[in-house]
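To start, the structure itself, in structure tokens.
In the text below, chain A, chain B and the rest are named by the order of the sequence lines, each starting its count at 1.
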Amino acid sequence: MSGPPDADPAWVLHVDLDQFLAAVEVLRHPELAGRPVVVGGRGDPTQRGVVAAASYPAREHGVRAGTPLRTAAKRCPDAVFLPADNPHYEEVSERVMAILRDTPGAVVEVMGWDEAFVGVRTADPEATARAIQAAVLDGTGLHCTVGIGDNLLRAKIATGFGKPAGVHRLTADTWDEVMGDRPTRALWGIGAKTAAALAERGLTTVRELGAADPEALAAELGPMLGPWYVQLGRGIGRREVSATPWVRRSRSRETTFQTDLDDWDRIRTETAALARRVADDITADGRPALRVAVKVRFVPFTTRSRSKTLPTPTTDATAFEAAALEVLDRFRRGRAVRLLGVRAEYEKP
DNA sequence: TCTGGGGTCCTAGGACCC
DNA sequence: TCTGGGGTCCTAGGACCC
């Protein structure tokens with residue numbers, strides 16, 4: 001499917017909305033502009049919960065996604081705390097994605113509420129990036145950053161250099177110069193645990209990882225993961241943006257309780273309620289569940305899961321609930337519980 | 001720092017079958 | 001009788017991402 005010889009080159013643009021949830025809240029509460037805004041949980045910093053998004057003024061106080069709300073309130077007492085309003089964010093996100101799809105010649109692959117890859121053929125990707133920024137701002141009032149790359153990995157990483165509201169390009173030509181000396185943690189797909197595991201093997205920088213032996217890492221870190229990490233170190237990744245609609249593999253609901261649960265009857269009741277919510281979701285999806293899983297987080301924070309393949313795939317709420325309770329009863333009782341979760345798994349697409 | 005909620009994919013061991 | 005090898009499914013856990 002290569003184009004004519006003089007066709008414009010293919011580029012991957014990674015479009016990422018800046019401080020998305022906080023920006024959306026400021027849009028509908030204009031008096032909050034310029035103030036530290038923290039979105040997360042029920043919007044009550046005395047309750048259990050973490051920050052889903054913080055505005056830049058809040059980030060200056062060390063508040064970021066994942067910070068416990070209580071901690072955020074200590075670090076930034078002047079912050080405005082708001083509950084997460086997911087349905088609204090979904091709606092705004094849809095409008096943004098529609099704007100991206102209106103980009104001439106664009107293939108759009110949505111990655112989440114606030115980001116998407118856009119594949120385009122052009123001689124001037126920066127111009128396309130600026131046009132997208134202008135269209136998104138004009139259509140929604142939101143700012144975004146655009147990373148430009150010769151594959152998805154590099155475009156995604158480029159975005160980090162363009163924040164906020166900028167455009168940045170990262171390609172094979174500049175990879176080593178820009179990324180070579182950085183820690184492996186800077187790569188998309190390498191988290192704290194993997195970075196530590198790599199460091200134990202003497203691989204601390206992106207350059208070192210890229211020069212590592214894939215076979216050796218396969219033996220130590222997994223047959224697929226090991227070689228993939230080396231590819232990451234080299235900046236190699238998928239080049240084609242896919243517009244194929246995403247097909248979900250599972251549905252889940254979970255709750256952290258404000259006070260720990262001791263009573264097993266109550267734990268069963270709560271599990272049954274979660275199972276019914278999941279059953280509603282799978283009914284809405286119109287796909288039978290093949291498997292049910294129950295997750296229990298015990299005090300202080302030990303998390304365990306149990307699951308079973310259903311004798312018959314089902315969308316029936318009563319059967320699903322009964323199966324969830326059956327799985328729950330396989331846990332050891334007697335320890336206090338802070339979180340319960342129920343998940344349904346679908347057939348592989 | 002006292003740690004949400006919703007997802008995806010990979011790994012490894014055991015069961016089971018031929 | 002004491003011993004193969006491959007394939008697939010099931011299950012639990014880990015790691016990562018938004």
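Heavy atoms of G41(A) sit nowhere under 4.0 angstrom from any nucleic acid atom. Contact annotation for T255(A): backbone-only contact, meaning every heavy-atom pair under 4.0 Å involves sugar-phosphate atoms and none involves a base. Contacts of W246(A) with the nucleic acid, taken as non-hydrogen atoms under 4.0 Å apart, involve only primed sugar atoms and P, OP1 or OP2. Within 4.0 Å (heavy atoms only), L69(A) reaches no atom of the nucleic acid at all. Across all strands, S307(A) comes closer than 4.0 Å only to sugar-phosphate atoms, never to a base (heavy-atom distances). Nucleic acid contact class of N86(A) (heavy atoms, under 4.0 Å, all strands): none. At the heavy-atom level, R42(A) lies nowhere under 4.0 Å from the strands shown. Residue A192(A) is in sugar-phosphate contact alone, with no base atom involved, counting any heavy-atom pair closer than 4.0 Å across all strands shown. Among the heavy atoms of the strands lying under 4.0 Å from R253(A) are primed sugar atoms or P, OP1, OP2 only; no base atom is included. Using a 4.0 Å heavy-atom criterion, one finds that L290(A) contacts no nucleic acid atom at all. When heavy atoms are screened at a 4.0 angstrom cut-off, R330(A) is found touching the sugar-phosphate backbone but no base atom.
Residues satisfying the salt bridge (charged side-chain N to carboxylate O under 4.0 Å, His left out) criterion with D85(A), sequence neighbours excluded, are R28(A).
Here the shortest heavy-atom pairing between L339(A) and E254(A) reads CD1-OE2, 3.5 Å.
Between A218(A) and R48(A), the one whose closest nucleotide on DNA chain B sits nearer the 5' end is R48(A). Nearest-nucleotide assignment on DNA chain B puts the 5′-proximal partner with V247(A), out of V247(A) and G226(A).
One side chain, S242(A) or T244(A), offers a donor N or O that lies under 3.5 Å from an acceptor on the other. Checking T46(A) against D44(A) by side-chain atom types alone, a donor-acceptor pair falls below 3.5 Å. Under 3.5 Å, the side chains of W264(A) and D329(A) contain a donor-acceptor pair of N or O atoms. For the residue pair S250(A) / R343(A), no side-chain donor-acceptor distance below 3.5 Å is found, with atom types taken as modelled.
The 12-atom threshold is not exceeded at CD of E347(A), counting heavy atoms of other residues, nucleotides or ligands nearer than 6.0 Å.
With a 3.5 Å limit on both pairing distances and Watson-Crick or G-U wobble geometry required, the stems of 3 or more pairs in DNA chain B span B:5-18 with C:5-18.
With salt bridges taken as basic N to acidic carboxylate O contacts below 4.0 Å, one links R266(A) and E270(A).
Bounding nucleotides for the chain A contact on DNA chain C, 5' to 3', at a heavy-atom distance below 4.0 Å, are dC10(C) to dC18(C).
F331(A) carries R306(A) over the face of its six-membered ring, with the cationic atom under 6.0 Å from the centre and within 45° of the normal.
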